[in-house]
Amino acid sequence: MELEVKVPVLSDSMNEGKITKWHVSEGQFVKKGTSLCDIAVGKMNYEVYSEYDGVISKIIFPAGSTVKSGDVISIISKSEEVPQKSISDNADTFYNEVKDYDLAVIGGGPGGYVAAIKAAKKGAKVALFEKDKVGGTCLNRGCIPTKAYARVAEVYDIIKRADEFGLSVDVKSFDYKKVVERKDNIVNELVSGINTLLKANGVDLYSEEAKIDKDKNILFGENKIKAKNIIIATGSEPAELPIEGVKSKNVINSNDILEITSLPDSMCVIGGGVIGMEFAFIMNQFGVEVSVVEMMPRLLPQLDKEVSNLIKSEAQKRGIKIYTSSKVEKILEEENGGSVVTIIKDGATKCIYADKVFISIGRKLNTDIGPISELLEFDGKAIKVDEYLRTNIDNVYAIGDVTNKMMLAHVASAQGEAAVDNIFGGNVALDYMRIPAAVFTEPEIGYFGYTEEEAKSKFKNVKVGKFYFAANGRAKTYGETKGFAKIISSEDGDVLGAWVVGSDASEIAQIISTSCQSGAKADDLKKAIYTHPTRSETIMEAVKDIFKESIHKV
């Protein structure tokens, strides 16, 4: 099979560059993730990486050629046979040989690659192992591609509402293949950027799956290295649902859904958590008939109840069918090509027909990292770490999803930086209760800390202030008046939680979180002066409402 290697999107402002160097030659076998060539774009250098295992059968543009995004620059002949030796990326290949590093990072996701670069900037000799693409789940199969789809859905939604703004727009077609291509270009550009950063900082990147033995050797293939310190950042993968029919052809997970190139007419989403609800809204906005099945009594069960209820209401207004307190029994393939999902709700059996069944019931931690697993302490299914990210084994740290602290990309990055600081003698601990999070439903959600229910059960005399987007000037001008901002305060003014649901909620919640991470209390937020007209004024009014001082609330 012959596969094309194309120039990725190079930058927002420049779509042309010059191939300065080929790292491979015709007839050479390469592994997935191998650096093929360098492309200079202005003062920046981008690397093009192989997405396949195979042989370079043809180089179309030699070094010195000017190329544009989308140009086919080489052909790889994919082969089932893998030779004993292959090219390692950004590092020599070692066979039964030990090479010493200051730090080895296992996993190149948002925690791992950030830790590797930070350590390299501190002067450490760093090896980074990633069996797939750098950026991990977040960049390649999670945060970024999902938000690329969410943005298209948002724009499409606005266009369909053009009459509200006095515009006459006729949307004649919806090209989903172009939506997928746009997503892929964004991801490839960001992956290329990370690879460039790793190379610029002198990190040795091994495009290999690595394991750790009981003597703390890093093993990959027939090779091994030694490192003074190790950071485990192996992340997680989609969990499976143990029911009949889960392996049938129409069943997809959060990895698969990003690879489909045509939209189904209908989709049943199993799991009404964050990922499930984000895709439920995206697919609904794309015109897919969506049903959501959730085992718990409400959607987004970990979030504030009032926020969850608003999202359910908005979903139903859009025509998304919601089945809470429902258990999936089995998934059966139909002769016409679709599937039937059988659920139990209120003791009765119900069947839901769908062309695709999207399973989104959480994540499985990737903690199988070799013989060292037998020596590590676990907290449930997570690798146990102390507040400084140290495991029970000297000089071995763990960060990201495998710690099960907060399974978020920015938390993994923060943990990665903290772990490196601690390796270099620091005592950095994270305050997880003040770290913000976001859910990109429609409207979106931004929050941190306790829910109102949790706060009232844990603290006395809790105060709650709230302000609705419907009374915010900027929200009205944008035609985005759904939602509210809610601030939860203790009796002495500590901000226990903040919940924003509405347009730009993720950005608004960040403002409160940043202030509170720096020690601000409710009274400090009340005294701050906010720009007018902005959606952030909902914070100002919500905080003032705690003190019964809101100007624009009756």
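For the numbers below, each heavy atom of this structure counts, side chains included, while hydrogens, waters and symmetry mates do not. Keep in mind that this is a model prediction, so the values were computed, not measured.
In this structure, E480 pairs ionically with R161, as a charged nitrogen and a carboxylate oxygen lie closer than 4.0 Å. A salt bridge links K321 with E289: at least one charged nitrogen is closer than 4.0 Å to a carboxylate oxygen. Contact check on K317 versus E314 returns a salt bridge, with a Lys/Arg side-chain nitrogen under 4.0 Å from an Asp/Glu carboxylate oxygen. Contact check on R141 versus D132 returns a salt bridge, with a Lys/Arg side-chain nitrogen under 4.0 Å from an Asp/Glu carboxylate oxygen. Ion pair R318/D157 flagged as a salt bridge, since at least one NZ, NE, NH1 or NH2 atom sits closer than 4.0 Å to an Asp/Glu carboxylate oxygen. Residues K305 and E453 are not paired through a salt bridge, judged by the lack of any N-O separation under 4.0 Å between the basic side chain and the carboxylate.
Using bins of under 30°, 30° to 60° and over 60° for the plane-to-plane angle, the ring pair W499/Y447 lands in the parallel bin. By the 30° and 60° cut-offs, the orientation of the rings of F286 relative to F174 is tilted.
Atom CZ of F358 and atom SG of C268 lie 11.0 Å apart (nearest 0.5 Å). Atom CD of E387 is separated from atom CG of L389 by 10.0 Å, given to the nearest 0.5 angstrom.
Looking only at distances, a side-chain donor or acceptor of N422 sits under 3.5 Å from a matching main-chain atom of V428. Between the side chain of K486 and the main chain of G465, no donor-acceptor pair closer than 3.5 Å is present.
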